[in-house]
Amino acid sequence: MILFRKFRVLILMVFLIACSMHIMIDLLPKLERRSSSACSCSHTPSEEPQNWAKHRAKPGSESGWPNKHTLRILQDFSNEPNSNLSSHSLEKITVGERSETLKRFEQLTGDEKRHAARDSTLKNAAVKGSRLSALFEHPLYTRPLPPLTDEDTLFNVNTDIRFDPKAAENPEWNGEGKDGDYAPTGEMSSDTYPNWLRFHIGINRYELYSRHNPVIDAMLKDLVSQRITSVAMKSGGTQLKLIMTFQNYGQALFKPMKQTREQETPPDFFYFSDFERHNAEIAAYHLDRILDFRRVPPVTGRLVNMTKEIRDVTRDKKLWRTFFISPANNICFYGECSYYCSTEHALCGKPDQIEGSLAAFLPDLALAKRRTWRNPWRRSYHKRKKAEWEVDPDYCEEVKQTPPYDSGTRLLDIMDMTIFDFLMGNMDRHHYETFEKFGNETFIIHLDNGRGFGKHSHDELSILVPLSQCCRMKKSTHLRLQLLAKEEFKLSALMEESLQADTLSPILIRPHLEAMDRRLRLVLQVLADCIEKEGYSNVVEDDLLVEGLNTGTAPQR
């Protein structure tokens with residue numbers, strides 16, 4: 001009997017010890033979160049995720065979770081390729097460090113500045129160094145445009161005419177109200193238009209924006225600082241994109257971060273199954289500007305609060321219902337799209353901060369129609385079939401006889417786009433667009449560059465097939481490429497310097513920058529082979545002639 005009582009006491013003690021251990025295991029994560037919240041973190045969530053998870057909306061309310069949609073315990077995707085945490089993206093240089101470095105840089109002499117630009121200690125300093133400034137002062141980057149007529153500008157604006165808000169559907173945006181919104185003031189001149197509208201007004205037949213237009217930098221600052229008033233999903237596409245509207249009524253396309261900067265595209269991935277990269281969109285804008293094409297709409301990076309700046313302001317119920325909290329207490333959402341919108345490809349913050357690219361919208365199609373063209377060297381988008389250009393070495397001869405490639409500069413613009421894509425490693429150029437008003441004598445708009453900069457260890461030579469088949473190029477492009485291959489204007493150094501101005505800097509890791517230098521040499525080698533085979537005058541089209549400049553087109557043979 002005594003032994004039986006002792007056995008019961010032993011069983012009871014084991015049970016109490018097991019209960020104590022379970023209680024300690026449950027309390028440990030809470031204690032860790034409480035201790036971590038006491039530290040001074042650089043990115044503090046706007047709301048406590050636990051409180052948001054417990055919150056229930058009243059009937060008819062759109063700000064909380066509906067009763068029929070309960071939170072699900074889902075897998076934590078933070079360590080998967082679609083993670084939104086980057087070891088680079090969240091480590092920023094403080095404002096004090098930037099200003100102090102700038103002061104020291106301004107005190108240097110000209111020679112010391114050139115040496116300092118090469119010094120690795122200044123690589124992370126957001127200083128507009130001498131290389132980029134010197135590049136834009138080079139004669140190749142200061143050529144004037146032909147005189148613009150009404151037919152050469154996208155919008156004909158009379159600066160003497162005052163804007164009448166009563167004649168427009170949208171409210172006016174001149175002065176800022178007490179809440180930061182742009183309040184109506186009656187009338188306004190074109191000089192007081194918001195920066196996004198001034199960007200639209202500046203579009204002409206030859207360029208999307210001018211080389212030294214201060215409106216572009218001001219608009220990029222607006223995209224970073226303006227309050228987001230509305231968010232909606234963009235229809236179409238294989239991956240999630242958001243349309244964001246700001247307090248000055250401007251709009252931008254937001255591509256959220258899906259991969260870290262160090263993650264390369266797996267070698268077994270097809271080009272059409274790869275993730276779109278937000279940093280590729282940002283880098284593409286800077287590369288396009290350095291090449292002096294100016295055919296990519298301005299893009300900047302922004303760190304967005306997923307709760308305050310997306311979930312709480314969206315009226316898109318389909319988007320709102322896809323928000324959830326991961327087991328790691330991070331805010332996540334996945335939206336709706338063709339392929340990569342599911343819980344397995346959710347976009348998660350740390351805990352509710354997500355970075356992404358913001359590309360400025362082009363004018364509305366109702367005001368400025370655009371024409372979409374199929375890229376002659378479009379890929380098959382099939383796992384086994386090849387496109388015609390991949391099997392026919394004389395394919396370019398057929399293209400040259402087909403409008404609009406049989407006259408004007410369109411074929412030469414395709415060559416520009418080919419070089420632009422090769423430097424980025426972008427294989428996904430299936431279509432391009434032009435403004436309908438300008439007909440065929442205008443530039444190509446380089447949209448949707450998210451699949452660039454996926455592999456720095458591989459150079460996809462098939463992207464250069466249009467150039468090797470046609471052996472044609474503008475003289476201005478050829479001279480700029482030769483200039484960017486020199487040590488004084490090294491492409492990687494110019495890109496690094498230009499990208500430092502972005503709020504999410506660093507945008508590209510060093511191997512991607514070095515890959516652009518390597519690919520630039522390959523482009524020049526292909527051109528050298530073409531010139532050796534067909535002769536310089538048959539390969540390089542002189543678009544720098546006075547008569548070519550006056551007409552805006554290259555002279556025809």
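Numbers for residues simply follow the sequence, beginning at 1.
Salt-bridge annotation for Asp292 and Arg211: present, with a side-chain N of the basic residue lying under 4.0 Å from a carboxylate O of the acidic one. We find that Asp448 and Lys255 are joined by a salt bridge, their nearest charged nitrogen and carboxylate oxygen being less than 4.0 Å apart. A salt bridge between Arg311 and Asp352 is absent, with no side-chain N of the basic residue lying under 4.0 Å from a carboxylate O of the acidic one. Ion pair Lys455/Glu460 not flagged as a salt bridge, since none of the NZ, NE, NH1 or NH2 atoms sits closer than 4.0 Å to an Asp/Glu carboxylate oxygen. A salt bridge between Asp517 and Arg519 is absent, with no side-chain N of the basic residue lying under 4.0 Å from a carboxylate O of the acidic one. A salt bridge links Arg510 with Glu496: the distance from a Lys NZ or Arg NE/NH1/NH2 to an Asp or Glu carboxylate oxygen falls below 4.0 Å. Ion pairing between a basic and an acidic side chain is recognised when a charged N comes within 4.0 Å of a carboxylate O; Glu309 and Arg302 show such pairing.
In this structure, Glu281 and Val299 have side chains that are in contact, with non-hydrogen atoms separated by less than 4.5 Å. Pro363 has its side chain within reach of Leu154: a pair of non-hydrogen atoms, C-beta onward, lies under 4.5 Å apart. Between Lys318 and Met233, some side-chain heavy-atom pair lies under the 4.5 Å cut-off. Inter-residue side-chain proximity for Val523 and Leu467 is flagged as met; some heavy-atom pair is nearer than 4.5 Å. Leu287 is listed as a side-chain neighbour of Met495, based on a closest heavy-atom distance under 4.5 Å.
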### Task
Let me see the working for His278 and Glu355 under side-chain hydrogen bond (donor to acceptor under 3.5 Å, both in side chains), right down to the final yes or no.
CA-CA 8 Å; His278 73 298; Glu355 66 177 66; 2.7 Å; yes
### Message
For Leu347 and Leu240: C-alpha separation, side-chain torsions, deciding distance, then whether side chain to side chain contact (heavy atoms under 4.5 Å, CB included) applies.
### Response
CA-CA 10 Å; Leu347 304 164; Leu240 178 67; 3.8 Å; yes
### Query
Phe293 and Asp413: side chain to side chain contact (heavy atoms under 4.5 Å, CB included), yes or no, with the steps?
CA-CA 9 Å; Phe293 294 155; Asp413 289 338; over 6 Å; no
### Task
Might you work through the side chain to side chain contact (heavy atoms under 4.5 Å, CB included) test for Ile445 and Phe443, ending with a clear yes or no?
CA-CA 7 Å; Ile445 307 174; Phe443 61 90; 3.9 Å; yes
### Task
Just do the side chain to side chain contact (heavy atoms under 4.5 Å, CB included) check on Phe453 and Leu508 with the steps written out, would you?
CA-CA 8 Å; Phe453 298 103; Leu508 295 177; 3.7 Å; yes
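At a cut-off of 3.5 Å, with distance as the only test, a side-chain donor of Arg379 or Ser462 sits close to an acceptor on the other residue. In this model, a donor atom of one side chain and an acceptor atom of the other lie less than 3.5 Å apart for Asn449 and Arg429. Looking at Thr307 and Asn305, their side chains do bring a donor and an acceptor atom within 3.5 Å of each other. With 3.5 Å as the limit, one finds a donor-acceptor pair spanning the side chains of Gln251 and Thr245. Judged by distance alone, the side chains of Thr300 and Asp502 do bring a donor and an acceptor atom under 3.5 Å apart.
Contact detail for Val313 and Ile228: the closest heavy-atom pair is CG1-O, 3.9 Å. Nearest heavy atom pair, residue Asn329 against residue Ile325, reads CA-CG2, 3.7 Å. Between Gly452 and Ala280, the shortest heavy-atom distance links the atoms O-CB, 3.2 Å. Contact detail for Pro297 and Leu208: the closest heavy-atom pair is N-CD2, 3.5 Å.
Between the side chain of Thr314 and the backbone N or O of Asp316, at least one donor-acceptor pair lies under 3.5 Å. Remark: the backbone N or O of Arg378 is paired with a side-chain donor or acceptor of Trp389 at under 3.5 angstrom. The backbone N or O of Asn279 sits nowhere less than 3.5 Å from a side-chain atom of Ser357 that would complete a donor-acceptor pair. Side-chain atoms of Arg451 do not come within 3.5 Å of backbone N or O of Gly425 as any donor-acceptor pair. In this structure, Thr442 contributes its side chain and Phe438 its backbone to no donor-acceptor pair below 3.5 Å. Formation of a donor-acceptor pair under 3.5 Å by the Gln226 side chain with backbone atoms of Leu223 is not found in this model. A donor-acceptor distance shorter than 3.5 angstrom exists from the side chain of Asp288 to the backbone of Arg294, with no hydrogens or angles considered.
Each of Asp421, Thr418, Ile414 was scored for a side chain to side chain contact (heavy atoms under 4.5 Å, CB included) with Trp377, with one residue passing: Ile414.
Ring planes of Tyr209 and Tyr285: tilted class, angle from 30 to 60°. Between Phe324 and Tyr334, the ring-plane angle classifies as tilted under the 30° and 60° cut-offs.
Note that the OH atom of Tyr395 and the CD atom of Glu390 stand 10.5 Å from one another [nearest 0.5 Å]. Here the NE2 atom belonging to His286 is positioned 4.5 Å from the OG atom belonging to Ser498, to the nearest 0.5 angstrom. The line from CE of Met244 to CZ of Phe361 is 11.0 Å long, rounded to the nearest 0.5 Å. Rounded to the nearest 0.5 Å, atoms CE (Met219) and CG (Asn195) are 8.0 Å apart. The CZ atom of Phe323 sits 5.5 Å away from the CD1 atom of Ile310 when rounded to the nearest 0.5 Å. Annotation: the span from Ile419 atom CD1 to Leu520 atom CG amounts to 9.0 Å, rounded to 0.5 Å.
Both the sub-6.0 Å distance and the 45° axial angle are satisfied by Arg410 relative to the ring of Trp373.
Around atom CZ of Arg371, no more than 12 heavy atoms belonging to other residues, nucleotides or ligands sit under 6.0 Å away.
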